[in-house]
Amino acid sequence: MMPEMHSTISSTEEHAGLIGRPRLAVLDSGVGGLPYLHWVYREFPAASYLYLADTAAFPYGNRGADELTGLVLSRIDCLQAEFQPDLYLIACNTASVVALESLRKQFNVPFVGVVPAVKPAAIKSRKRRIGIIATSGTVVNTYTNRLIAEFAADCTVVRYAGQDIVDFVERSYARSGPDDRLNAVREACAYFIDQDVDSLVLGCTHFLHLRSEFQTVLGPEIEVVDSVEGVGRQVLRKLRELPVEASGNPTYRIYTTGFGAEASYRDFSRIYGAEYQGALPCP
Ligand code: DGL
């Protein structure tokens, strides 16, 4: 097997001037935010997109709130210094429910977050029984509790922490076959079928890569609900309010924060038609 090339960006500052505006920066712990970014990119390819997968800190799902908030603030600091984006998308439920408030206090740039789509799931549920599958950090969280109290107070809400599925998507998905993907979601789906829910919220962005597998295994009686289009439209509206700058080029790039996942990120970049740029030197 060929050894993997380790590519580093010595200084992206010099490239930043060549990147067109408006500029959206997207942060997730890994590949979870890509379906969100891709939705926006397809609608508005004239903007510039910088995706940071925080592979050095993956997974976010079982970190404490203070630790995760500190990490996310430092990643945004890094993106600010390198690219000065006009808008951020925190394409991670765990980071959003934990750190969004702190981010908005700390930085004078607009942030859009991704939180579990409890509201649409509750609207759709006839049985008033909904499921949420997310990371451990999102499943047990005061923001998630508030969403349930506000939008699904009359529903029974069944929660499931699917950290092993997050790991599968991040580490194995790109080179997995159809059976591996179906097998990855079987145990969780069996739980929700047994709990008799009729809608299931994909409350972790990594699970979007397995959306059709969830739907297949759950069957037609349970509707899978996600926030891709809702969040995508919100980002698009904000991006379209910003001026398009003719001096730079539209850019669609994926960066990581650590080494060791190059092969997987090359595969994902190919799947999503983005340029893989290697590791961004964040402290
Ligand atoms: N994709 C992230 C989310 O939406 C977190 C996955 C992880 O790093 O645990 O919650």
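Atoms within each ligand, like the ligands themselves, are counted from 1 in listed order.
In this pair, H206 and H209 present their aromatic rings perpendicular. The plane angle is above 60°, beyond the 30 to 60° band. Below 30°, between 30° and 60°, or above 60°: for Y88 and F111 the angle between ring planes is below 30°, a parallel geometry.
At a threshold of 4.0 Å, the pair K127-D198 does not count as salt-bridged, since none of the basic side-chain nitrogens sits closer than that to a carboxylate oxygen. R237 and E241 are not joined by a salt bridge, as no carboxylate oxygen comes within less than 4.0 angstrom of a charged side-chain nitrogen.
Those atoms of ligand 1 that come under 4.0 Å of a heavy atom in D28, given as number and element, are 1 (N), 2 (C). The contact set between ligand 1 and V166, taken as ligand atoms under 4.0 Å from a residue heavy atom, comprises 6 (C), 7 (C), 9 (O). The distance from ligand 1 to the heavy atoms of T205 drops below 4.0 Å at these ligand atoms: 1 (N), 2 (C), 3 (C), 4 (O). Close approach of ligand 1 to S29 is summarised as follows: ligand atoms under 4.0 Å from at least one heavy atom of the residue are 5 (C), 6 (C), 7 (C), 8 (O). Residue F58 has at least one heavy-atom neighbour below 4.0 Å for each of these atoms of ligand 1: 8 (O). With ligand atoms numbered from 1 in the order given, ligand 1 contributes 7 (C), 8 (O), 9 (O) to contacts under 4.0 Å with heavy atoms of Y60.
Y252 pairs with exactly one of F44, Y276, Y41 by the ring pair (Phe, Tyr, Trp, His ring centres under 6.0 Å) rule, that one being Y41.
The two residues E43 and L236 come nearest to each other via the heavy atoms CB-CD2, 3.6 Å.
Annotation: cation-pi geometry satisfied between R146 and Y143 (NZ/CZ under 6.0 angstrom from ring centroid, within 45° of ring axis).
Of the N or O atoms in G61, one or more lie within a sub-3.5 Å distance of an N or O in ligand 1. Between T135 and ligand 1, no N or O atom pair is found at a separation short of 3.5 Å. The shortest N or O to N or O distance between N93 and ligand 1 is under 3.5 Å.
Nearest-residue assignment for atom 2 (C) of ligand 1 (options G30, A57, C92, G137; heavy-atom criterion): C92.
Between Q163 and ligand 1 there is a heavy-atom distance shorter than 4.0 Å.
E67 CD: more than 12 foreign heavy atoms inside a 6.0 Å radius.
Of the protein's non-hydrogen atoms, T94 OG1, 2.5 Å is the one closest to atom 10 (O) of ligand 1.
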